Structures are given as structure tokens and as C-alpha cells.
Amino acid sequence: MSLEEQLSKLKTEFPELLEEKVRVEERRVLQPLPGAVEGRVVVRFAPNPDFYIHLGNARPAILCSEYAKMYKGKMILRFEDTDPRTKTPLREVYDAIREDLRWLGVVWHEEYIQSLRLNIYYDIAREMIRRGCAYVDLCGDEGKKLLSEGSYCPDRDRDPSWHLEQFDRMLEGAYDEGEAVVRVKTDPRHPNPSVRDWVALRIIDTTRYPHPIVGSKYIVWPTYNYAVSVDDHLMGVTHVIRGREHEVNTVKQLYVYNCMSWSPPVFVHIGRLKLEGFILSKSKIRELLSREPEKFLGYDDPRFGTIAALRRRGILPEAIRELILSVGAKETDATISWANLASINRKLLDPIADRIMYVNNPEELVYEGDCVDAEIPYHPERPEKRVIRLCRGDVIMVNKDDVKLGEVRLMGAVNVKLEGGRAIMTSRDLRYARERKLQIIQWVPKRDAVKLTIYKPEGLEMKKIEGYAENTLKAYKVDSKLQLVRFGFIRIDRVEEDGSYKAFLIHE
RNA sequence: GCCGCGGUAGUAUAGCCAGGCCCAGUAUGCGGGCCUUUCGAGCCCGUGACCCGGGUUCAAAUCCCGGCCGCGGCACCA
């Protein structure tokens, strides 16, 4: 049938099919969580407290808390601090993470610290050994080598009672690092060598590498895959939302569920989130901080992508939340452009940020004209105003580029001609300025100008902009977010002893 | 190298499972205009994408096969 024939047939037999379908109003909602039942959903965010969290970590954290809310479920915060040797947890980071999460609006109902639960992991390990699906491997490096060849340490075939004994000896300290490990029986010929009888518990010499919470109390430590499986089950987690890098870990963890006859949760793997032009990687930030400590302000330096850095720059938590929800729980990686985040933030900030005048690259001019009381609203949508008096002989500062414009209107005040170091009043009338399409420029009286230095992060550099704000700035404290007219939004970072201000440019 | 997962404009995302309302929607960016005592916000117009090649079908962004590219994993890290 040709298209024409089809159409005419439809027209006569099924005319209703040809009616325009009305597009359903599109709403940005998180896609449903597979298998989720209202009131039954338990999710968790499980960071390693070895460093401060960044925007990439915020993705699973916010998604989890959003899903918990959506399904009237429960959210768990769990610190995964089971490696005091290579990923040594930092004492101060536990609290920093809690603070970052609270700031982001993440609500959690239960909290756990894995280093405080070691006895639980030991108990389950004994049960797994009894069931014959875990064993103690005393072969050391040889055991690793045998597995890589598709074989295994001969200890594997011994009776569970022998392994139970050896496990107790491990706990008593009879073995050193590397001499004994507990492995989960999987498939010694699994195509992925890391899956083959993976290590569930190993020995870490905590006299050399003390743990910030439990010191040197324990020497047998669970690995990530083992502790996670046990905890997710014991804590009743129904949905594991984590990065794609954990896909293989899911395969490994399923062996624990299988051995213990537990029913596994639903695993959702999401892509990585990057922020264009910013460093998110924990190790990279640490490296820069230790290599060039004088160049950076700390882990919350706005050139980094940590949550603390975004906060210090002046990004609002709602903006981060909105961004992450708009990206959703997709499996693909996403590189967010700064312009995108800035645009969301600007829309949130615009209705609440007061406007004040600021001049960088200033040129001083002497005002010649009538005395005027310039009444300038703090915000175009609100009636409150401040008054700035301008009289003959006053020195004002305006941007050098604006001086080139010739005749301009000083915002809120008068129209002036700028020439020869003078600002000569031509008229007070706003209509006059409109008719002549005069540029309206910001200006600052020199008598009580406040020195304001603005720092603008650009890649690994920090651009410094010096200038002066009107005296009104003095009313604002650290952390205030303002819009400098015709310049951009800033967050006040510091007020110096001499009364000068330091701020970060959030965005234009 | 082996194993796994992806690929829609500059960026992000909708549509893909259940093929036709899609010569592909939205946001942001970019260009232009309107409005406005800000170069901000708002409004209007424009710009620009289905990785490639086959196949199935009346019909493919959507299903199938092959290729290419990207990402992840291959720890006694998490």
C-alpha cells in the first residue's frame, strides 16, 4: 500500500487515529527505580572518609536521598573505612562529609561506621567458612599466582574445621601481613581474574598503620567487597545506587549473597559526573595540595570540584541538586559545563542577591554639578533603597573603559560628560538619558569606597581583580552573595583587618 | 591484551524497552531583537544532533548484524 492509500483508508475506517495527539506536559521527574515499592525502599551512600567529597560523589548521594524521599523509604550513611594502610581515613573528614551532605540537603536516617563493626564481619566470615564457601589461604603470593593461572592454593580443599582454626589464628595475630587471607570460593577459572576466589579479609599491621577511629585494636580487616555485601544485607538495603566502576564488584558480591542464601538488592550503576575545567579527583587534589601548598587555599579552593569548594565559590546547594536531578540516574558519563551550572545558580541567586556598585580598573574624576541624593534600590524587585550623596567637587571612580563613552548616566544619579578628569553634569533627567541612549554606568564615590579584591578561578589559575565597591558593601558579612552591577555575582570570602574585602567571582 | 558498559546539537538531557504522533523536544551556549536606571533577570527570533555501514519493515533515533570511537574493570583499594 502506498502512503496515499494508507492515509485514505485510515481516513475512512479509523479517523480517530489521525487526530493530533496532544503532547503531554513534560515534567522532570527521576525515572522510577526498578522494583521499588513505596515504604520499602532502603538506599545508602557509602563514602570512604579518606578525603572530602566532590561533585561526582554528590551524584549518588543526591540520587539516593531523592529516591528515599520519592518512595518514602530510608537512607543510610555508611563510612567505608576498612583500609587503614593504602586509603587511610582522615579523622576530620567524617564530620566534613556529614556537613557537606547536610548542606546539600541530603537527609539520612541511620549512620554506620564500618571500622566499628569488625566483629560482625568476623562472625559472618566464620559462617561462610563453615558453609564451605570461604577459606583461609596460607599460600601468600603463591596463592595469588596460582589463581592467575586458573589453579588455586591446595589449602582450599581442606576441611572447614581446619580453616576455622586458621581464621582464629589470624585473629590472634599468628600471621603477618600477606601470610594469610580469607578468600571467597568463586570460580578459579572465572574469565575475570579478579573475581577468582577474591579476598574477603586480610591482615593489616595497624601498629604501623593505625586507624583513626580504632587505632591498632584490629589486624584483620575486611575488604570492600566483603564488608559491603554483609552490610547491605544486614542493613536491609534494597537498592544499591553506585558508580559504573562497581559493575565487576557486583559480580563478586553476589557470591556472598549466594553462600549465605540472602536475596540480593537491586543494583543500579550510574555514570561518572565531571565538571568541565575543574579537578575532582581526590588523589589529584591531594597531590596538588602537597606539591604546591602555597598556590592553593586548601581542599575547598574554588579551583577544585569538592563540595566545599563549590560552596566557598558561592554555588547554592539547590543548584547542585537541580543539576544532578536533571542529569538523572543514567549509565553514561556526563561532563557538565560550568556555564550550565552557573546558569542554574544565577537563576536561583538573581531574585535574592542585592545589587551594589563596583568599579575595577578605576579612573578618578571630579564631579561638577548640582548636589544630588542618588536613591538606588538594593534589588530591582524590592522597594528598599540606599542614598548616595553626590556634590560638586566630590571625587568619583568609574571604570576606565566607561570614560571613553563620553556622555553617560551615573546609575541612579545624573547624566554627565566625562572628559579631562572631570564629570560634568548635563542633566538630571532619566528621559534625557533614554532619548540619547546613554549608557548607564556604575560609579563609586572615592571618600568612603571599600577596597574589594575579587578572585576568579580559571582552570588551575586564580585571576585577581582589584577594585572598589560603594560603602554599602560594609553591611554584608562573610558568605553573603551579591551582584555587582554590570560585573557579576560574588560571594564574600573574607573581611580583612583594614576593612578591605576579598570575594570570589561566582559567575557573571 | 582480556572482560563489561555506553554512543542524540559545543555541553547536558527527552524520545529507544512496547518502530509511525520525530524532516527529533527541552535547557544551556552562541548570534540578533524587545524590555529594563546592570553587560543580570524576563520575553521573542535564529543557530545547531540521532557515531558509521548493512539488514528487517510500507515505515528505523528506536529492532538485528558488523565496524568505529569513548568509558570502566582486570588489587591482600574503595
Side-chain angles (χ1 to χ4, degrees), chain A residues 1-3 5-6 17-23 26 28 31 46-50 80-83 85-87 89 114 137 140-141 143-144 148 177-183 190-196 198-204 221-225 227-228 242-251 269 271-273 276 282 322-323 326-328 330-344 346-347 349-351 353 355-358 374-377 379-381 409-413 415 430-431 433-434 438-442 483-489 507-508:
Chain A
M1 246 191 287
S2 74
L3 186 62
E5 289 168 327
Q6 292 180 51
L17 290 179
L18 285 173
E19 282 165 27
E20 273 295 305
K21 205 184 210 177
V22 184
R23 263 185 196 279
E26 222 180 301
R28 266 296 160 79
Q31 52 186 267
N48 181 338
D50 66 337
E80 312 217 314
D81 55 350
T82 59
D83 182 7
R85 185 176 52 199
T86 53
K87 287 203 172 166
Q114 287 188 327
D137 172 347
D141 287 342
K144 208 188 281 188
S148 75
E177 279 188 14
E179 288 179 354
V181 290
V182 176
R183 291 185 181 275
H190 194 281
N192 185 335
S194 80
V195 175
R196 298 175 192 166
W198 54 271
V199 172
L201 298 117
R202 81 297 206 188
I203 293 162
I204 292 173
W221 288 83
T223 60
Y224 167 79
N225 279 303
V228 162
R242 68 200 336 183
R244 279 203 307 159
E245 66 272 22
H246 290 293
E247 265 163 352
V248 183
N249 291 326
T250 302
V251 174
H269 295 120
R272 282 233 167 116
L273 205 58
E276 202 175 39
K282 290 177 175 184
E322 202 178 312
L323 177 84
S326 80
V327 173
K330 286 221 319 175
E331 222 171 319
T332 43
D333 294 349
T335 305
I336 304 302
S337 68
W338 174 252
N340 229 111
L341 214 207
S343 151
I344 299 172
R346 192 183 295 120
K347 276 181 194 132
L349 225 40
D350 187 78
R355 272 67 162 160
I356 71 164
M357 296 194 291
Y358 171 75
E375 292 189 351
I376 306 173
H379 190 284
E381 302 296 318
R409 179 173 180 83
L410 300 179
M411 189 174 166
N415 308 315
L430 178 59
R431 277 171 307 185
R434 286 229 177 98
L438 296 187
Q439 176 79 264
I440 294 159
I441 68 164
Q442 70 277 28
Q483 190 195 136
L484 303 180
V485 177
R486 290 174 72 222
F487 185 87
F489 293 84
H507 42 63
E508 291 178 347

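Only this structure's heavy atoms are used, side chains among them; waters, hydrogens and symmetry mates stay out. All values derive from a computational prediction rather than experimental measurement. Throughout, a chain's letter reflects where its sequence line sits, starting with A, and its residues are numbered from 1.
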Between B/rC2 (C1') and A/H190 (NE2): distance, integer Å: 12 Å
Touch class at under 4.0 angstrom, heavy-atom based, for A/K330 against every strand present: sugar-phosphate
Side chain to side chain contact (heavy atoms under 4.5 Å, CB included) partners of A/N48, counting only residues at least two apart: A/D50, A/K87, A/K282
Shortest side-chain distance from A/Q31, nucleotide among B/rA14, B/rA78, B/rU38: B/rA14
Atom-pair distance (CG on A/L349; P on B/rG42), nearest Å: 13 Å
A/R196 side chain vs A/H190 backbone, donor-acceptor pair below 3.5 Å: yes
A/D141 CG to B/rA75 C1', straight-line distance once rounded to whole Å: 12 Å
Nearest-angstrom distance from the residue atom CZ of A/R431 to P of B/rU36: 14 Å
Interatomic distance where CG belongs to A/D350 and P belongs to B/rU36 [whole Å]: 17 Å
Atom pairs under 3.5 Å, N or O on each side, protein against nucleotides 28-35 of chain B: can you list them with distances?
{"residue": "B/rU28", "atom": "OP1", "partner": "A/K347", "partner atom": "NZ", "Å": "2.4"}

Sugar-phosphate, base or nothing in reach of A/G143, heavy atoms under 4.0 Å: nothing
Under 3.5 Å: donor-acceptor pair, side chain of A/R244, backbone of A/E331: yes
All N/O contacts under 3.5 Å from nucleotides 67-74 of chain B to the protein, with atom names and distances to one decimal?
{"residue": "B/rC71", "atom": "O2'", "partner": "A/R244", "partner atom": "NH2", "Å": "2.9"}
{"residue": "B/rC71", "atom": "O2'", "partner": "A/D333", "partner atom": "OD2", "Å": "2.9"}

Counterpart residues, salt bridge (charged side-chain N to carboxylate O under 4.0 Å, His left out), relative to A/E80 (two or more places apart): A/R78
Rounded distance (Å) that lies between atom P of B/rC77 and atom CH2 of A/W198: 13 Å
Spacing of the P atoms in B/rA49 and B/rC76 (rounded, Å): 49 Å
Earlier contact from the 5' end, RNA chain B, for A/G178 and A/Q483: A/Q483
Touch class at under 4.0 angstrom, heavy-atom based, for A/R85 against every strand present: sugar-phosphate
Touch class at under 4.0 angstrom, heavy-atom based, for A/F489 against every strand present: sugar-phosphate
Over 12 foreign heavy atoms within 6.0 Å of CD, A/E508: no
Euclidean distance, atom CG of residue A/L410 to atom C1' of B/rU38 [Å, nearest integer]: 14 Å
Sugar-phosphate only, base, or nothing, as touched by A/D50 at under 4.0 Å among non-hydrogen atoms: nothing
P gap between B/rU28 and B/rC43, integer Å: 9 Å
P gap between B/rG53 and B/rA14, integer Å: 25 Å
Interatomic distance, A/L201 CG vs B/rA78 P [rounded to whole Å]: 11 Å
Touch class at under 4.0 angstrom, heavy-atom based, for A/N48 against every strand present: sugar-phosphate
Any donor-acceptor pair under 3.5 Å from A/T82 side chain to A/W221 backbone: no
Side-chain-base donor-acceptor pair under 3.5 Å for A/N225 and B/rA78: no
Non-neighbouring partners of A/R355 that pass salt bridge (charged side-chain N to carboxylate O under 4.0 Å, His left out), sequence neighbours left out: A/D350
By salt bridge (charged side-chain N to carboxylate O under 4.0 Å, His left out) - contacts of A/E177 (at least two apart): A/R85
